[in-house]
Amino acid sequence: MLAGSGWPRLGIAGPDIGRLQREGRLEAGGRVVTVEQVSEPRPGQRFAFVMDTRLCDAAFALADRADMPGLRVHLRQREAGLAATTGT
């Protein structure tokens, strides 16, 4: 949330950084600084976990733009032939 661009030049350091993040505003150098003034938006991370399904449109939609997609399929040995023929 707080990128290093704005707060160092305003004299905000140490515990004041956490206080600014928690409270959203802080008095520094005789002026009120808001978290929006010293923050840069950054995208969050996305994890997609697809379990026990064959590949389908919904699985692709879930994994789209995921930073870490995961696929887990648990099949018993007797289902190996079915999996090979159906793509599950």
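Please read all numbers here as calculations on a predicted model, not as lab measurements. When a residue number appears, it is its place in the shown sequence, counting from 1.
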Next item on the list: Name all residues meeting the side-chain contact (heavy atoms from CB on, under 4.5 Å) criterion together with F49; count only those two or more places apart in sequence or in a different chain, and write none if there are none.
Entry: F47, M51, R72
Notebook entry, point to check: About how many Å separate CD of E23 and CG of D16, when rounded to the nearest 0.5 Å?
Noted result: 9.5 Å
Check: Can any side-chain N or O of R46 pair as donor or acceptor with the backbone N or O of P69 at less than 3.5 Å?
Finding: no
Show me the side-chain donor-acceptor pairs of residues 25-35 shorter than 3.5 Å, one per line, residues at least two apart or across chains.
from : atom 1 : to  : atom 2 : distance (Å)
T34  : OG1    : Q37 : N      : 3.4
T34  : OG1    : Q37 : OE1    : 3.4

Check: How would you list, by chain and number, every residue that makes a side-chain contact (heavy atoms from CB on, under 4.5 Å) with D57, sequence neighbours excluded?
Finding: none
Check: Shortest non-hydrogen contact from L62 to A48?
Finding: O-CB, 3.5 Å
